[in-house]
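These notes are about the structure you will find just below.
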Number of protein chains: 2
Amino acid sequence: MSSSTTSSNRQDYLKAILSLELRGLKASTSAISEKLSTQPASVTGMLRVLSGNDLIEYIPYQGAKLTLEGRDEAIFLLRKHRLWETFMVEKLGFGWDEVHDVAEQLEHVDSQKLISKLDAFLGFPRFDPHGDPIPDSQGVLADRSTLVGVNEIALGKTASIRGVLSSSDSFLKHLDDLGIKLGLQFTVVKVFEYDGSYQVKVGMSEEVWSKKLVEQLLAEVKSQVDNDNI
Amino acid sequence: MSSSTTSSNRQDYLKAILSLELRGLKASTSAISEKLSTQPASVTGMLRVLSGNDLIEYIPYQGAKLTLEGRDEAIFLLRKHRLWETFMVEKLGFGWDEVHDVAEQLEHVDSQKLISKLDAFLGFPRFDPHGDPIPDSQGVLADRSTLVGVNEIALGKTASIRGVLSSSDSFLKHLDDLGIKLGLQFTVVKVFEYDGSYQVKVGMSEEVWSKKLVEQLLAEVKSQVDNDNI
DNA sequence: TCTAATATTTAGCCATGCCTAATCTTTATG
DNA sequence: CATAAAGATTAGGCATGGCTAAATATTAGA
Ligand SMILES: [Mn+2]
Ligand SMILES: [Mn+2]
Ligand SMILES: [Mn+2]
Ligand SMILES: [Mn+2]
């Protein structure tokens with residue numbers, strides 16, 4: 001799969017196109033140029049090249065669509081990017097807000113073996129530090145639908161933090177201050193009608209999370225069913 | 001230090017030149033072209049560029065010499081290369097013969113912080129999986145012969161911690177507990193015959209290091225001669 | 001010392017990607 | 001439907017870093 005010899009520049013184009021497609025948007029020249037901070041004219045040139053390499057289908061004035069091959073490569077990049085981010089946060093102690101730019105470089109390192117070993121070393125994580133799903137070795141993206149906003153969790157349910165909707169510095173810093181991190185398990189004890197804040201139990205102690213906060217937090221609710229040790 | 005914006009191509013030239021200089025050879029056009037598998041004509045072109053960037057001194061027909069700045073950057077590359085190799089072997093379970101090519105890519109990832117965290121994560125290793133010395137954060141290449149076990153240091157001598165012989169989690173954790181880290185300077189005050197432990201002076205205070213501990217610590221003894229403040 | 005072999009540089013090209021300005025296409029709008 | 005405005009492509013350059021072939025410098029041998 002993938003590997004190939006696509007330059008890191010071209011890889012970034014593939015990623016930009018994938019990112020648009022995943023959001024249901026058209027990969028137009030201008031949308032891509034926006035994402036990559038390049039001029040539209042440069043994008044046109046690159047789209048011709050990628051098309052010649054069978055990585056995208058491109059009809060002038062109509063935007064680009066990833067081919068199967070192009071999509072595979074783009075998804076592998078996503079996988080690498082998110083695994084490296086996870087490595088930096090989980091193993092090296094980086095903050096979630098510090099890892100993106102470095103991962104933007106690391107994702108271009110070309111070695112299947114490195115990535116599969118890294119994946120194993122990290123314990124085959126399913127989500128990166130920002131809560132985005134990490135494609136598995138087959139390129140399968142974990143289903144996001146199992147994640148819900150904390151503000152939608154019913155009373156009495158237990159859940160684990162899996163991601164965030166905002167990645168702003170101030171927000172991530174606030175999470176640090178409150179000791180909220182990925183994987184944190186909590187139970188919803190009470191919901192205050194007055195201001196929409198949540199009272200949650202974390203370990204032995206109880207805390208209150210503001211409405212604004214819980215709206216930005218993604219969690220995976222513990223289902224009664226998939227608890228294996230019945 | 002270093003950082004800059006030197007492209008990865010140029011960085012590989014700097015490394016090639018350093019490698020020749022370290023072996024006492026002249027960095028001639030042909031020697032460099034040999035190392036990098038490029039044509040001599042291409043090397044000439046690059047030497048002019050590097051010279052224009054003050055990374056080397058270059059006199060046509062006379063080969064290249066690294067400037068202080070160029071040497072710093074080349075040594076930082078060596079550091080990154082060897083730390084990544086160590087990571088792959090120690091943490092990911094690669095064989096020592098599989099890591100060079102991947103490290104050749106990883107070394108170009110630009111992030112001081114990534115490297116200092118990786119260094120700490122690995123326990124400040126002094127040598128890579130091939131036995132080559134890893135430059136420390138100051139760019140000092142450990143001269144193998146100058147490193148001795150702390151257990152071999154004579155009474156009254158002053159030395160600096162330069163490495164460890166074991167990288168086990170429990171050992172590294174113990175070092176953390178005692179506040180022993182790379183570069184720590186100490187003086188041997190007393191050696192207890194009874195259990196082989198060492199009494200050392202660190203800054204203002206004195207501590208006792210166990211026999212087991214000092215056997216696993218590598219240090220560089222301060223020579224009387226190169227001590228400037230006579 | 002003079003010449004031949006070797007090393008190095010120069011000249012001229014090519015590919016990759018990016019940019020600006022100019023020229024289409026496509027889409028909105030009256 | 002006609003015509004702007006917005007979006008996209010082409011044309012013409014530039015910088016980087018390769019390559020080959022030709023010219024020039026250095027070095028070694030007779
Ligand atoms: Mn990237
Ligand atoms: Mn991410
Ligand atoms: Mn390299
Ligand atoms: Mn090595």
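Within every chain, numbering begins at 1; the chains are lettered A, B, ... in the order of the sequence lines, protein sequences first and strands thereafter.
Put simply, CG on B/Leu14 is 11 Å from P on D/dG17, counting in whole angstrom units. Between A/Met46 atom CE and D/dT9 atom P the separation is 14 Å, expressed in whole Å. Look at CD1 on A/Ile32: it is 16 Å from C1' on C/dC18, rounded to the nearest Å. Atom CG of B/Leu50 is separated from atom P of D/dG17 by 9 Å (rounded to the nearest Å). Atom CD of B/Gln39 is separated from atom C1' of C/dC14 by 15 Å (rounded to the nearest Å). Protein atom CD of A/Gln11 is 11 Å distant from nucleotide atom P of C/dG17, rounded to whole Å. Atom CD in B/Gln62 sits roughly 7 Å away from atom P in D/dT27 (whole-Å rounding). With rounding to whole Å, A/Leu47 atom CG is found 11 Å from C/dC18 atom P.
With B/Tyr13 as the partner, the side-chain contact (heavy atoms from CB on, under 4.5 Å) test is satisfied by one option alone out of B/Leu55, B/Thr6, B/Ile32, B/Leu18: B/Ile32. Each of B/Asp136, B/Asp132, B/Asp119, B/Asp72 was evaluated against B/Arg79; a single residue qualifies, B/Asp119, per the salt bridge (charged side-chain N to carboxylate O under 4.0 Å, His left out) test.
The side chain of A/Thr29 lies closest to D/dT9 when the candidates are D/dT9, D/dG7, D/dC19. In the set D/dA8, C/dC18, D/dG17, the nucleotide with an atom closest to the side chain of A/Tyr58 is D/dA8. Each of C/dG17, C/dT9, D/dA8 was ranked by its minimum atom distance to the side chain of A/Thr44; first place goes to D/dA8.
B/Pro60 comes within 4.0 angstrom of sugar-phosphate atoms only, judged by non-hydrogen atoms across all strands, and of no base. Heavy atoms of B/Ser30 sit under 4.0 angstrom from primed sugar atoms or phosphate atoms, though from no base atom.
Aromatic ring centres of A/His100 and A/His81: separated by under 6.0 Å.
The phosphate of D/dT16 has neither OP1 nor OP2 within less than 4.0 Å of any side-chain N or O from B/Tyr13. The phosphate of D/dG17 has OP1 or OP2 within less than 4.0 Å of a side-chain N or O from B/Ser7. Listed pair A/Asn9 / C/dT16 fails the phosphate criterion, with no side-chain N or O lying under 4.0 Å from OP1 or OP2. For C/dT9, neither phosphate oxygen OP1 nor OP2 lies less than 4.0 angstrom from any side-chain nitrogen or oxygen of B/Arg48.
Judged by the 6.0 Å distance and 45° axis criteria, A/Lys91 is positioned over the aromatic ring of A/Phe121. Remark: A/Lys117 is positioned above the aromatic ring of B/Phe94, its terminal NZ or CZ atom under 6.0 angstrom from the ring centre and at most 45 degrees off the axis.
B/Glu98 places a side-chain N or O within 3.5 Å of a backbone atom of B/Gly95 that can act as its donor or acceptor partner.
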Protein-nucleotides 21-25 of chain D N/O pairs under 3.5 Å:
| residue | atom | partner | partner atom | Å |
| --- | --- | --- | --- | --- |
| D/dA25 | O4' | B/Tyr61 | OH | 3.2 |

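Nearest heavy atom pair, residue A/Leu218 against residue A/Val164, reads CD1-O, 4.3 Å.
Across the interface with DNA chain C, nearest-nucleotide mapping of A/Lys26 and A/Arg10 shows A/Arg10 to be the residue nearer the 5′ end.
The existence of a salt bridge linking B/Glu21 and B/Lys26 is excluded, since no basic side-chain nitrogen approaches an acidic carboxylate oxygen closer than 4.0 Å.
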